[in-house]
Amino acid sequence: MDPSLFPLFGLFTVLLLVTGLYCVVATRNFIRLLIGLEIVTKGVTLLIILGGYLSGHMALAQALAITLIVIEVVVIAIAAGIVIAIYRKNGSLDANLMKNLKG
Amino acid sequence: MNLMLLTAMLLAALWAVFTRTLLKSAIALALASVLLTVIMFQLKSPLAAVFELSVCAGLITVVFVSTISLTQPQSDAQVLAHAGQRLRRYWFLPVLLALVVVGLDCAHLPLDFTPPTPEEAGLDVRNVLWNMRPTDLLGQVIIILAGVFGVVVLFKEKA
Amino acid sequence: MLATLIFIPLLLLILLNLPCGCLRRAAGPLGIIYVVGQAFLTVGGLGEAPCPWMHGITRGIGSAIDVFGFKSSVLAAFPLAADGITRTMLLSIAVVALAGLLVGRGTIADDRQRFNFANLVLVTVMGMNGIVLVRDLFSVYVFIEVASVASFILIALHKDREGLEGALKYIVMSAVATAMMLSAIGLFLMLAGGTAFTDVAQLFGHSATDAEARTMGLAPTLGLLAAALFLGGIFIKSGLVPFHGWLPDAYMAAPAGVSVLLGGIVTKTTGVYVLVRLAWDMLGIHGTVGSTLLLVGTISIVAGALLALVQSDFKRMLAYSSISQVGYIIASLGTGTAMGLAGAVFHIFNHAIFKSQLFVNAAAVEKQVGSRNMDEMGGLAVKMPLTGTTILMALLSTAGVPPFAGFWSKLVILLALWQAGCTTYALIAVLASILTLAYFLSMLRRVFWGKLRKGLEGVHEAAPSLTVPAVILTLITIAVGILIPFVFGTFILPVDRL
């Protein structure tokens, strides 16, 4: 429970988040986009557990992490469902082909 | 020990981003989940670690693998062409990560903080979850119902 | 008692989905009955000093639960609370959900789709009720996700190409914003030892009870970083410039009833309300926070109005108009005064009313004409008189013309800006009101006035399910506008307390 653990874990959390975000931004395939979102979620879970560990509130942090995991699995399931529906509609999963809505 | 685990997890995540086939990417993600489980166990969170293992390394991998098998994104020629450009698109990532490390090191963030003293040091997760945070449980129930509903809506073809 | 607002829709949801399937056709009407009930509950008074008949209802619900064998004290175990801001939000949620359900009945033809739509709207209402009733940051996240998941499915309900793409864009932006908010929550947990509103407020020295902790700037650097992360996530969710990229696509791609819900209340609850709570209860609006809010708000006002001017798609223009109005709310919040807060909350309510009404009218026009391109329309006022009149009143309220309700909320916002000394921002807000009038009048000219275009002769007034909500919402706008002294005293001024 010493704050000296924070720099090491904090650094790796930030690196994980950057990796996930980069994957979301740089990919053309929708499924890899979801994988990038999952990596970001792992980073955030690690951060919450770390926060609880460093402040001594392990029980609270675990409860938050469990809730977070349950919610994220539902979100990923719905996103995967939408990706499958897009595939069935369009026949491919290339993000460059989806320019219907002009930003 | 912690450093090894953290580096291994980061490498697994990087492999998930870089690898050519989606299936290997999903497996790399599962590997990262397993490593996160061990890290969480090291950080004295056994219950959350078990949840992470069974749900993320298990359920989500199943979801991804079934999504991948239900969709065949590109023909073989396109896969090869796309993969060739892959390195050109992703080369920036390790550079970016190195820059982040250097940047954080030079920023000299004042990371001093005094953690507050915990009152309920002996509290159990189950106690916290059921007695102190019942609204979160209610939210979980609602979102699971909504998710099931959504999967039915999204997958049902016009009969 | 407050937990019933989440439990009753849950009960309805379970009842509607039982395997017997006998209640399938009643999904829409049951939803409508519930939201009307919620509207009455909020007006009647939820917290202390409610109307006399509220006591009777509370006791009645409690004894009904006891009759069925459950312990009604279980309901009291949920840490929910309702103050003035919450009451306003609950009322707005109920009214917009009513409009959305009615429009859904009117525009969705397939029975099974109607059933899905009604169920998902119930889930969204549950999620939004949860957001405004809890007093803990992580629980806010939980219910934001509930409302968001239901919204994702709703946008993709018809599984058309546009809807699926809009839903995916919304999912990605929402997930990124959620990741930022969760990182901030993790940091708050580390620094403050808890995620409740009071814990975080103590971290920033904003606790109202602890007198000696009232000095500002108590938070270490990490705390400020966490606050910045959370604010960034909320800006994305509210659709403020420059994080507004997903909003027009999502609003436009959604089916008609869903656009009413999205534009009217979902973004406001998941984004703007959380921002109000964060800034007012936890961060304290002084210094950097206040000026950031003022700047981002004013930029959104102007950018939203300018972008709305050049649109040719009806719903897209309404989406950009939403961005502009949210800018007003944030700028008013940025002043940090009680009047600013009152103006912001009042404008959230008014915006819910007039923006959802505009989307209802857009749905009526789209259904009758068959397209959303305003350049192809003209002269509809003769053929669709009800829609034409109600849309005129809605836009007058949006632009802030007396005696409609929008005028009063804009006036409060401008007064708050003036009193706080931000005169330049106030002037920009006034000029943007003129811009608002401009783009709406241009829309009216293109769609409703002028000569009737060829090919539109067969158009007639929309079905009752699309005009009734518009009329109801217009009546509410006019009523609030005319009865402003009464409304001001009982609802607006005590918005912070109760």
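Quick note on labels: first sequence line is chain A, next is B, and so on, each numbered from 1.
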Quiz item: Checking B:Ile39 against chain A: side chain, backbone, both or neither under 4.5 Å from a heavy atom?
Solution: side chain

Quiz item: Out of A:Thr67, A:Leu68, A:Ile82, which one racks up the most heavy-atom pairs below 4.5 Å with chain B?
Solution: A:Thr67

Exercise. Nearest 0.5 Å please: distance from the CD1 atom of A:Ile49 over to the CD atom of B:Glu52.
Key: 9.0 Å

Self-check item: Most chain A-contacting option - heavy-atom pairs closer than 4.5 Å, from B:Pro46, B:Cys56, B:Ser66
Solution: B:Pro46

Quiz item: Nearest 0.5 Å, what's the CG-NZ distance between B:Leu31 and B:Lys24?
Solution: 14.0 Å

Quiz item: Looking at A:Ile39, A:Val14, A:Ile35, which makes the most heavy-atom pairs under 4.5 Å with chain B?
Solution: A:Ile35

Quiz item: By a 4.5 Å heavy-atom criterion (distance strictly below it), what part of A:Val73 contacts chain B: side chain, backbone, both, or neither?
Solution: both

Exercise. Working to the nearest 0.5 Å, report the span between CG of B:Leu70 and OH of A:Tyr87.
Key: 9.5 Å

Quiz prompt | Distance in Å, B:Gln140 CD paired with B:Thr135 OG1, rounded so as to fall on 0.5 Å steps | solution = 10.5 Å

Practice problem: With a 4.5 angstrom heavy-atom cut-off, could you sort out which part of B:Leu96 is near chain A: side chain, backbone, both or neither? | Solution: side chain

Exercise. Would you mind checking which part of B:Leu47 comes under 4.5 Å of any heavy atom in chain A, side chain (CB onward), backbone (N, CA, C, O), both or neither?
Key: both

Self-check item: Interatomic distance, B:Thr61 atom OG1 to B:Leu29 atom CG [nearest 0.5 angstrom]
Solution: 6.0 Å

Quiz item: Does A:Thr27 use its side chain to pair, donor to acceptor, with the backbone of A:Cys23 at less than 3.5 Å?
Solution: no

Practice problem: Output the option from B:Ala26, B:Gly139, B:Ser33 having the highest count of non-hydrogen pairs under 4.5 Å with chain A. | Solution: B:Ser33

Quiz item: Is it the side chain or the backbone of A:Leu64 that comes within 4.5 Å of chain B heavy atoms, both, or neither?
Solution: side chain

Quiz item: Side chain, backbone, both or neither: which part of A:Thr41 has an atom under 4.5 Å from a heavy atom of chain B?
Solution: neither

Quiz item: For the atom pair CE (B:Met40) and CD (A:Gln62), what is the distance rounded to the nearest 0.5 Å?
Solution: 7.5 Å

Quiz item: Counting distance only, does the side-chain N/O of B:Thr19 pair as donor-acceptor with the main-chain N or O of B:Trp15 below 3.5 Å?
Solution: no

Quiz item: Which region of A:Ala65, side chain (C-beta onward) or backbone (N, CA, C, O), has a non-hydrogen atom less than 4.5 Å from a non-hydrogen atom of chain B, or is it both or neither?
Solution: side chain

Self-check item: Most contacts with chain A, counted as non-hydrogen pairs under 4.5 angstrom, among B:Leu137, B:Thr7, B:Val63, B:Val148
Solution: B:Thr7

Quiz prompt | Whether A:Arg32 side chain and B:Phe18 backbone form a donor-acceptor pair below 3.5 Å | solution = no

Self-check item: Under 4.5 Å from any heavy atom of chain A - which part of B:Leu97
Solution: both

